Amino acid sequence: MNLIPNTPNITPELVAEHGLKPEEYQRFVELIGREPSVTELGIVSAMWNEHCSYKSSKVWLRTLPTKGACVIQGPGENAGVVDIGDGLAAVFKMESHNHPSFIEPYQGAATGVGGILRDVFTMGARPVAALNALRFGDCHHPRTRHLVAGVVAGIGGYGNSFGVPTVGGAVGFHERYNGNILVNAMAVGLARTDEIFYAAASGVGRAIVYLGSKTGRDGIHGATMASAEFGEGAEEKRPTVQVGDPFAEKLLLEACLEIMKAGCVVSIQDMGAAGLTCSAVEMGAKGDLGIELNLDAVPCRETGMTAYEMMLSESQERMLMVLAPGKEEEAEAIFRKWGLDFAIIGHTTDTLRFVVKHKGVVEADLPIKELGDEAPEYYRPFVESEPRKVLKPSDVSDAVSVPDALDKLIMSPDLCSKRWIWEQYDHLIQGNTVQKPGGDAAVVRVEDGPKALALTSDVTPRYCEADPFEGGKQAVAEAWRNLTAVGAIPLAVTDNLNFGNPERPEIMGQFVGCVKGIGAACEALDFPVVSGNVSLYNETNGKAILPTPTIGGVGLVEDLHKSMTLGFKAAGEAIYVVGKTEGWLGASAYLQTVCDREEGAPPPVDLVAEKRNGDFVRSLIRDEVVTAVHDVSDGGLLVAIAEMAMAGELGASLDKPASIPAHAFWFGEDQARYVIVAAHGEGPDIVRRAEAAGVPLLKLGKTGGDRILLPGERSISVEGLRDRNETWLPIYMGASS
Amino acid sequence: MKSAVIVFPGTNRERDIQRALSLVSHSKVVPVWHAETDLPSNTDLVVLAGGFSYGDYLRCGAIAARAKIMDSVRAHAERGGLVLGICNGFQILCEAGLLPGVLVRNAKLRFVCREVNLRVERADTPFTKAYRKGELLRIPVAHGEGNYTADEETIRRLESEGRVAFRYARSDGEIDETDGPNGAINGIAGIYSESHNVLGMMPHPENYIEPEIGPIDGRGLFESLAAALKAA
């Protein structure tokens, strides 16, 4: 073996710097039967880190339901693929860029968007929508404004220039994210079902082609950085953050779709985390082939780059492809037209080895399967979270009046209007945005219609913290409910599981609990997981984030003319709540925001009731007997109704049953509920249908006027509410920034 | 009617404008790559679409204004042919010298995507005949650099020669610079060339043409073009 001598030598310190545990290094040495070269050490550290190998999570991810009538491609590819009829497929995935966004918010968030867009168009799909889920620290923390401004500008800066509408998302604040913010980006694309491209290479001796931007020294060890906790001086890790170029990505998109259409592509993989290493190994391992690379041909941005640097660079906007034989010239001409680099840098082999050559020297020669799909797996010890006490309404103070509590909630960082954020995203480009941000789910027309996709991202971290199993269920149920509320048939989800250090049994317990809850809900709601991402080690100095398994949901609207919105439409229409209201205040937004308490068990999620109530609501939308629908979530009934009133600029007069105390009735967060407004004269029929379907239905009052009238409370001006709801965030962001 | 839509690397609303031109104007639409030298024969209308040409890493539109195809666009305009530049297209027209002034960063220094009220300043040009003078349109903007400015003399000329096409207005139709999306001088959202055959505008009428999506106030512009070219 003509391996170059190692300088420096492989010392335990060097192994540790690469994020490998001593036993993992030992396993690697035994696997290859000798001491590795430094390049090989870099390669294995890139492949076996948590971010790329899912070594702590894989055994649990396998338990998730991934099959369904609509599923064309489940987890394991660049993105999931579901059939939406008419020969079309929705291709989607969500992925985190948490660690880099904390260190450098603009570029961290921008490259997060770039990475997920690439995952989608790598499959042959043109991106038609982007969403995100963001979690920031306490709004009083000195870094929070800076991080919000940077992340939002970064998401906008990339998506706007690339040309994809950013149509939805979720934004929350909590002190547990002070040291680790979350930036989860989701992209959705459209492809023809018979023109989907995969990563697995096929055929021996085929050319491997490098496409896109040049390779530089940026982002080396980005994935390793993202697989460790932050300690003091996380900011010093800035050089591991990549820099995004949405312009190059837009060119790459057009060039890739063009050469796919021309029939040049056998398999394709984007260079994301761990760059060239990860993409080449995955192509080979998935296709049961060896790969040989010649780094002399790699287009470099800087001179004197070593094999180690080239293999670990995370320079953005790059792709790896296996070309169909004889198509090299045609493919090259297309790439040259778009001004992008094109280089043949290797070929497939039948050896199942991953061989890297540079300047005539073999820098690495490793077994490809063990690096890739047979990487280590851990069944980490875990302890289940202690169950919390169930709070009764009488355990929660009602000292604040209902109108004052409503004010506090709609002006809280979590529930205030996020317009300041989504107006910085081009949410209209492509001309298909039927429902823009601010509703339950975004609705995006498919081609010329009448079909449309409904899209949402959801999770309630305080529930997951209080009870991981119920919280995991709730995240899925809420996504399913949001899609239902716009009239869509929920199809499938992508999950982005954000947790602390899995080596701590209590964190692993949160992870396991949430995954079990997600699995149970996806199973019960026929809502399979088709793609996803795990982000662990979101922890600083031993302090972990709230468990945050973000669920990105995709649904199908059969006829966009019937898609439903949440704003009140006309005066004098009857308002009902679908689902049972008991007044559950444990772990509620009311308890947190109005009472400053974070305790109690979260509301249990009855999946049978979820399914029954949701199917009922969807049938009402389909039959056009309701004029507005809104799911009931954070802040309970009154916040939901206030949002409907603000969106419709119309008031309501409401009543409540005497059996439940006011604060519990108006702000309790019982699950499986929707507020619906019956079209004029349809009320009695809806009541009959609910009885027949066994769905609890309670009349709350009717729409009308410019105020919300509650029994025994002062009236609330809708315009005043709207002002306070709209101005909190701009004022907050405008202050001293 | 035949329209040429110029595509630069980084143009990203070319599909939106193509849809509007074919759906509303019933125009034949030909995409033209920036590296071409000639426009398709018998081109009636040239459109420079929105986007981030060349990434907008230099001054917006500055590189695109020097692309090969721009000489033909300039010649088309000099012959009296119609040219429409939207958003990045407006920026390119200013950089190319086909329109005066410049678009600088929004006063609040943030990208803004929202529906605005657009006041039609005159309804007697090939672009606006389907509208009424003073009519308020609901049209979206989506830009980071749409703050129109020019020297005093240029502004005075634009105003006195009736070359302001659209202004950002309040819902009562009045102009309030501080209330607009970007801080543009006199609320200017779009301007004409001297002979009113070149129009540059920041808002995106092409995104508001279908009732499924939102208001349809953008249709008038495409209807006007179709009518003007049919008459000609």
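Here is how names work: the chains are called A, B, and so on, in the same order as the sequence lines, proteins then strands, and each is numbered from 1. The model shown is predicted, which means the values in this text are computed figures rather than measured ones.
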**OP:** Walk me through it: do B:Arg15 and A:Arg126 pass the test side-chain contact (heavy atoms from CB on, under 4.5 Å)?
**Re:** CA-CA 12 Å; B:Arg15 297 155 71 87; A:Arg126 180 176 285 277; 3.5 Å; yes
**OP:** With chain A as the partner chain, list the residues of residues 48-61 of chain B whose heavy atoms fall under 4.5 Å from it, by residue number, and write 'none' if nothing qualifies.
**Re:**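 Those residues of residues 48-61 of chain B which have a heavy atom under 4.5 Å from chain A are B:Phe52, B:Tyr54, B:Gly55, B:Tyr57.
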Locate the shortest heavy-atom distance separating [X] from [Y]; write the atom from each residue and the value.
| X | Y | answer |
| --- | --- | --- |
| B:Ile213 | A:Val434 | CD1-CG2, 4.0 Å |
| A:Ile429 | B:Asp16 | C-OD2, 3.7 Å |
| B:Pro9 | A:Leu251 | CB-CD2, 3.6 Å |
| B:Ala142 | A:Asp426 | CB-OD2, 3.5 Å |

**OP:** Heavy-atom pairs under 4.5 Å with chain A are the metric here; pick the option from B:Asn207, B:Asn88, B:Ile209 that has the most.
**Re:**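 Highest number of heavy-atom pairs under 4.5 Å: B:Asn207.
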Original post:
Who in residues 440-448 of chain A is close to chain B, using a strict under-4.5 Å heavy-atom cut-off?
Top reply: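 So the qualifying residues are A:Arg445, A:Asp448.
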**OP:** Anything in residues 157-169 of chain A with a heavy-atom distance to chain B below 4.5 Å? Please list those residues in order.
**Re:**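 Residues A:Asn160, A:Ser161, A:Phe162, A:Gly163 are the ones that qualify, each having a heavy atom under 4.5 Å from chain B.
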Original post:
Side chain, backbone, both or neither: which part of B:Glu206 has an atom under 4.5 Å from a heavy atom of chain A?
Top reply: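 Contact with chain A involves no heavy atom of B:Glu206 at all.
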Subject >> Heavy-atom contact with chain A under 4.5 Å, split by part of B:Gln18 >> reply: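 Neither part.
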Residue among [options] with most heavy-atom pairs under 4.5 Å to chain B:
| options | result |
| --- | --- |
| A:Asn432, A:Val152, A:Asp245 | A:Asp245 |
| A:Lys250, A:Lys436, A:Gln435 | A:Lys250 |
| A:Tyr425, A:Phe247, A:Trp338 | A:Phe247 |

Original post:
Given a strict heavy-atom distance threshold of 4.5 Å, which part of A:His561 is in contact with chain B: side chain, backbone, both, or neither?
Top reply: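 Contact with chain B is through the side chain of A:His561 alone.
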Original post:
Who are the ring-ring contact (aromatic ring centres under 6.0 Å, His included) partners of B:Tyr168, not counting sequence neighbours?
Top reply: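 Applying ring-ring contact (aromatic ring centres under 6.0 Å, His included) to B:Tyr168 gives none.
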Subject >> Neighbour count >12 (heavy atoms, 6.0 Å) for atom CZ, B:Arg132 >> reply: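 Result for CZ/B:Arg132: open.
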**OP:** Tell me, yes or no, whether the heavy-atom count around B:Lys28 atom NZ, taken from other residues, nucleotides or ligands under 6.0 Å, exceeds 12.
**Re:**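 No, NZ of B:Lys28 has 12 or fewer neighbouring heavy atoms, counting only those of other groups under 6.0 Å.
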**OP:** Enter the distance from A:Glu423:CD to B:Arg114:CZ here, rounded to the nearest 0.5 Å.
**Re:**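 Here the interatomic distance stands at 4.5 Å.
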**OP:** Decide yes or no on side-chain contact (heavy atoms from CB on, under 4.5 Å) for A:Glu254 and B:Val7, but give the supporting numbers first.
**Re:** CA-CA 12 Å; A:Glu254 299 298 343; B:Val7 181; over 6 Å; no
